[in-house]
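Contents: one structure, followed by commentary.
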Amino acid sequence: MSSEILAVGLDVGTSRVRCVIGEPSEDGRLNILGVGESDSKGLRRGIVTSAEAVSESIRKAVSDAERVSGVEIDSATVNLSGEHFRGENKNGVVAVAGPEKEITEDDIERAIESACAMPLPPGWDIVARVPQEFIIDGQDGITEPVGMSGSRLEALVHVVISPSAARQNLVKAVKRAGLDVEETVLEPLAAAESSLTDDDREYGCAIVNLGSEITSMMIFGRGAVQHTAVFPFGSMHFTKDLAVGLRVSIPQGNKIKHEFGCVASFLLGSDEREEMIEIQPVGRNETRGLSKEILCDIMQPRAVELLQHISREADAARAQISGGVVMTGGGSLVRGMCEIAEQIFDAPTRLGFVEPEYFGGLAERIQGPEWATAAGLALTSMRRQLREGGHGEKSPGKKVAEFFGNIRDKFR
Ligand SMILES: Nc1ncnc2c1ncn2[C@@H]1O[C@H](COP(=O)(O)OP(=O)(O)OP(=O)(O)O)[C@@H](O)[C@H]1O
Ligand SMILES: [Mg+2]
């Protein structure tokens with residue numbers, strides 16, 4: 001290893017656990033050293049239901065990644081998921097009191113604190129506070145207020161809240177697997193970190209992470225997060241539809257979805273529509289035939305329903321997404337998902353592959369939208385450690401530095 005910094009992303013999902021280990025390269029990219037994954041057990045809709053089962057899955061994914069990279073890890077940056085997140089845009093105002101009336105980091109923190117001073121439901125916490133912009137004496141759109149002059153500082157902040165127990169139980173499960181949690185990061189924020197460009201964030205873009213049981217969406221604009229939404233559905237819905245509709249087992253439903261599934265009938269040529277696949281209904285010894293057209297007829301209406309739900313939420317947020325929609329998560333891999341989403345969102349839509357300018361080393365091992373979250377978590381970890389000036393325990397001073405570093409990062 002050439003650097004003291006080790007960046008580890010651990011994506012604990014409902015169906016898969018993924019681990020990415022990397023180190024910074026001289027050109028500022030994250031050199032991927034190793035990756036590992038395992039089947040996930042003990043979660044429902046992103047929430048831990050059995051800590052022991054989750055920690056076992058984590059151990060497997062981590063030991064795979066350690067074996068590939070040849071390094072041992074003791075901590076990770078972990079994704080935070082769940083159906084109960086709520087994002088809100090808040091503002092806070094403070095007076096700037098110094099003799100020169102020059103804005104300090106302390107003023108910024110006070111303004112952000114004031115924006116985040118909101119009543120929370122019992123047992124809920126703020127899990128993300130992302131500054132959007134600052135307004136100094138009525139002048140808006142300011143991203144770097146430190147050192148500017150003014151007497152009234154206003155902070156606009158996107159605040160996300162969630163039940164505290166979800167985070168606490170996830171942290172416990174990771175600790176049980178022998179790792180410390182450096183930081184938890186919302187899943188769509190991590191996916192955005194690896195897959196969006198600065199232009200996507202600036203001109204307006206929605207990242208939609210289609211997981212197994214949870215789908216999350218974050219809308220970016222003017223360089224910052226404008227809206228967050230989480231939906232209690234994912235690609236498992238297709239598997240269950242196939243299991244019920246075709247009377248096959250869940251594993252077979254999953255296999256049919258992966259190998260032959262399609263959610264956009266206009267992609268099927270006339271010959272392909274007639275093509276038959278063999279399926280084996282539960283409790284039967286003999287197989288039966290199913291045409292690809294019928295398979296698509298089962299899956300497409302569900303895809304339209306789920307995507308329309310997401311699209312309505314994006315419309316309600318009244319946010320500009322002229323940069324389009326970026327789809328991440330394993331659920332986006334179903335054939336036709338991007339094409340049908342493009343029609344429903346009425347905006348350019350692409351799969352979110354990790355940005356080549358951010359990653360090096362074994363980057364080809366994370367070339368798929370299902371790796372966006374784990375890769376984004378590792379990238380977040382690397383950028384944080386570089387700002388802090390190295391690995392190790394966070395001192396209170398470092399935490400403050402990180403806090404302001406985060407603000408600056410949002411406006412990179
Ligand atoms: N090649 C593929 N074709 C179709 N579907 C796929 C493919 N690969 C993965 N999936 C589906 O993607 C889903 C898993 O996606 P992902 O790994 O992003 O979810 P997760 O992170 O484990 O779950 P969640 O985010 O909901 O907690 C599964 O339902 C799986 O069947
Ligand atoms: Mg996931």
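As the structure lists them, so they are numbered: ligands from 1, and atoms in each ligand from 1. No hydrogens, no waters, no symmetry mates; every other heavy atom, side chains included, goes into these values.
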In terms of heavy-atom contacts, Gly361 and Asn31 come closest through N-OD1, 2.9 Å

If you measure from atom 5 (N) of ligand 1 to every heavy atom of Asp39, Thr373, Asn209, Val334, which option wins on shortest distance? Val334

Taking the non-hydrogen atoms of Arg335, is any one of them nearer than 4.0 angstrom to ligand 1? no

Once you measure the plane-to-plane angle for Phe233 and His237, does it fall in the parallel (<30°), tilted (30-60°) or perpendicular (>60°) bin? perpendicular

Atom indices of ligand 1 within 4.0 angstrom of Gly13 heavy atoms, with elements: 20 (P), 21 (O), 22 (O), 27 (O)

Shortest protein contact, atom 19 (O) of ligand 1 (heavy atom only): Ser212 N, 3.2 Å

Taking the non-hydrogen atoms of Gly234, is any one of them nearer than 4.0 angstrom to ligand 1? no

Using a 3.5 Å distance criterion without hydrogens, assess whether the side chain of Glu23 forms a donor-acceptor pair with backbone atoms of Leu33. no

Please say whether more than 12 non-hydrogen atoms of neighbouring residues, nucleotides or ligands are located less than 6.0 Å from CD in Gln320. no

Find all atoms of ligand 1 within a distance of less than 4.0 Å from any non-hydrogen atom belonging to Gly329, and give their numbers and elements. 18 (O)

Option of least heavy-atom distance to atom 13 (C) of ligand 1 (set: Gly261, Gly253, Ser235): Ser235

Which bit of Asn254 is near ligand 1, meaning a heavy atom under 4.0 Å away: side chain, backbone, both or neither? side chain

Kindly say whether Gly13 contributes a backbone atom to a donor-acceptor pair with the side chain of Ser40 at under 3.5 angstrom? yes

Do any N or O atoms from the side chain of Glu193 and from the backbone of Gly376 form a donor-acceptor pair under 3.5 angstrom? no

Can you count the protein N, O or S atoms that lie less than 2.8 Å from the Mg ion (ligand 2)? 1

Would Arg335 and Glu272 pass as an ion pair if we require N to O under 4.0 Å? yes

Within the distance-only criterion (no hydrogens, no angle test), does the side chain of Arg273 pair as donor or acceptor with the backbone N or O of Ser265 below 3.5 angstrom? yes

Would you mind checking which non-hydrogen protein atom is closest to atom 17 (O) of ligand 1, with the distance to 0.1 Å? Arg18 NH1, 2.9 Å

Is there a donor-acceptor pair closer than 3.5 Å between any side-chain N or O of Gln132 and the backbone N or O of Val225? yes

If you look at every heavy atom in Leu295 and Phe260, which pair is closest and at what distance? CD2-O, 3.5 Å

Between Met148 and Phe134, is a side chain to side chain contact (heavy atoms under 4.5 Å, CB included) present by the stated rule, with each step listed? CA-CA 11 Å; Met148 288 192 174; Phe134 297 91; over 6 Å; no

Pull out every atom of ligand 1 sitting under 4.0 Å from any heavy atom of Glu213, numbered as shown with elements. 26 (O)

Looking at non-hydrogen atoms alone, which of Glu259, Arg45, Lys257 comes nearest to atom 29 (O) of ligand 1? Lys257

Tell me the protein heavy atom at minimum distance from atom 12 (O) of ligand 1, and give that distance in Å. Gly330 C, 3.0 Å

Check against side chain to side chain contact (heavy atoms under 4.5 Å, CB included), Leu6 and Ile21: CA-CA 7 Å; Leu6 208 52; Ile21 303 178; 4.1 Å; yes

Taking only heavy atoms of Ile214 into account, list the atoms of ligand 1 that are under 4.0 Å away from them. 26 (O)

Name the closest protein heavy atom to atom 22 (O) of ligand 1, giving the residue it belongs to and the distance to 0.1 Å. Ser15 N, 2.7 Å

Enumerated ligand 1 atoms positioned under 4.0 Å from heavy atoms of Leu333: 1 (N), 2 (C), 3 (N), 7 (C), 8 (N)

If the contact criterion is a heavy-atom separation under 4.0 Å, does Glu370 count as touching ligand 1? no

Does the distance from a Lys or Arg side-chain N to an Asp or Glu carboxylate O, for Glu286 and Arg288, drop under 4.0 Å? no

Given 3.5 Å as the limit, does a donor-acceptor pair link the side chain of Ser195 with the main chain of Ala192, or not? no

To which protein heavy atom is atom 27 (O) of ligand 1 closest, and what is the distance rounded to 0.1 Å? Thr14 OG1, 2.5 Å

If you have a sec, work out which protein heavy atom is nearest atom 7 (C) of ligand 1 and how many Å separate them, to one decimal? His258 CE1, 3.4 Å

